[in-house]
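Written below as structure tokens is the structure these notes are about.
Keep in mind that the numbers below use all heavy atoms, side chains included, and drop hydrogens, waters and symmetry copies. Each chain gets a letter, A, B and so on, in the order the sequences are listed, and its residues count up from 1.
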There are 2 protein chains.
Amino acid sequence: MDQLHLDNQLCFPLYALSRQMTALYRPYLEKLELTYPQYLVMLLLWEHEKLSVKEIGCELWLDSGTLTPLLKRMEETGLVDRLRCTEDERIVHVQLTKEGKLLQKKAVGIPDNIFSELSISNVQLKSLKKELSAILNKLEKK
Amino acid sequence: MDQLHLDNQLCFPLYALSRQMTALYRPYLEKLELTYPQYLVMLLLWEHEKLSVKEIGCELWLDSGTLTPLLKRMEETGLVDRLRCTEDERIVHVQLTKEGKLLQKKAVGIPDNIFSELSISNVQLKSLKKELSAILNKLEKK
DNA sequence: TTGTATTTCATTGTGCACAATCTAATTTCG
DNA sequence: CGAAATTAGATTGTGCACAATGAAATACAA
């Protein structure tokens, strides 16, 4: 029954570390009044002028049941606008408000701060990221 | 602003892969009527006759706000007993019922099934687990 | 011993995640 | 064209996570 020991599970450190990493981000994100998933949406929208809910979900591996209420909260706090597409009314486009765009300035330092708290080498960080991404991309999206 | 690109974040693949991994477990765990965090509690209790809520939280990095309702649900489904300690009434001990112990037989095959779905080498799996655990253990528990 | 601090768990409230279901819009195909 | 299938989001319900607070029991110090 060795496989059933917690120590022998890959998934557990993945699960635990993922939560602890978002806990590392939390104090920084609180200053911007963002949660970690909201921060991920902001990262996407700082890169792309306009994205549909579908596109955001595709990037973040999240479905509308998660994104719809999350984006509504972000709309309420004035970070994004949600616009029903006129050509295809099934689609909702999301884009940053002026305030949302300005928030980028306050977020610039976050990755460096997190990195320094981790105290691992840049090389190791990148190889780890690569390994995790490789596994992730092998898992089929339903 | 390169650091603010989704692709350059370590935390994102960690977050996304963690969720996708629990999604891999889901079909197997549904047959046992367990969620992934409940499965982690079962792993601990299959190894240890009796654990306090505190000890479970310490192992899984979860607090009572998460564990209390989770353990109550597991008590309702008949997997565990929750017993207030008589020597120190602040403590609640958790232990498996007969049914809970028997469930181990049905769970034995799960890790191998997950492993085969991942299609990565055993060596890579172990080194990855080790790296993640190392980072995790460097992060201070509050 | 008595007041204070600490420990352990429970409770409340908010925000994800995600399955299941629904609605409306669009596409496809006979 | 018109019915059936597909697609994009929204809704509902359940179960985590976790901050903040509270309550009760124990430890500890003066």
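Using a distance-only test at 3.5 Å, with no hydrogens or angles considered, a donor-acceptor pair links the side chain of A:T22 to the main chain of A:R19. Side chain of A:N122 to backbone of A:L125: no donor-acceptor contact under 3.5 angstrom is found. In terms of modelled atom types and a separation under 3.5 Å, the side chain of A:S116 and the main chain of A:N113 share a donor-acceptor contact.
Under the 30°/60° scheme for interplanar angles, the aromatic rings of B:Y39 and B:Y25 are found to be tilted.
Contact annotation: A:Y36 side-chain N/O to C:dG15 OP1/OP2 distance is not under 4.0 Å. A sub-4.0 Å separation between OP1 or OP2 of D:dT14 and a side-chain N or O of B:R73 is absent. In this structure, B:Y15 reaches the C:dA17 phosphate: one of its side-chain N or O atoms is under 4.0 Å from OP1 or OP2. Contact between the side-chain N/O atoms of B:R26 and the OP1/OP2 oxygens of C:dA17 is not found at any separation under 4.0 Å.
The salt bridge (Lys or Arg N to Asp or Glu O under 4.0 Å) analysis of residues 64-76 of chain A, with sequence neighbours excluded, yields the pairs A:E75-A:R82.
Here the CG-CG distance, from B:L45 to B:L79, works out to 10.0 Å after rounding to the nearest 0.5 Å.
Straight-line distance from the OH atom of B:Y25 to the C1' atom of C:dA17: 18 Å, rounded to whole Å. For the pair A:I56 CD1 and D:dG9 C1', the interatomic distance rounds to 12 Å; values are reported in whole Å. C:dA19 atom P lies 17 Å from atom CD of B:E33, rounded to whole Å. Residue B:L62 contributes atom CG, which lies 7 Å from atom P of D:dC18 at whole-angstrom precision. If you take CG of B:L71 and P of D:dA17, they are 13 Å apart, rounded to a whole angstrom. For the pair A:L83 CG and D:dA8 P, the computed distance is 18 Å after rounding to whole Å. Rounding to whole angstrom units, CG of residue A:D63 and C1' of C:dT21 are separated by 13 Å. Atom pair A:W61:CH2 and C:dC16:C1' shows a separation of 19 Å (rounding to whole Å applied).
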Starting at the 5' end of nucleotides 5-12 of chain C, put B wherever the base has a protein heavy atom under 4.0 Å, S where only the sugar-phosphate does, and a dash everywhere else. --BSSBB-
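Map A:T86 and A:T35 each onto its nearest nucleotide of DNA chain C; the residue landing nearer the 5' end is A:T35.
For the pairing with B:M74, the side-chain contact (heavy atoms from CB on, under 4.5 Å) check across B:D81, B:T97, B:V80, B:L67 returns one residue only, B:V80.
For B:R19, the side-chain atoms get nearest to C:dC18 when compared with the rest of C:dC18, D:dC16, D:dC18.
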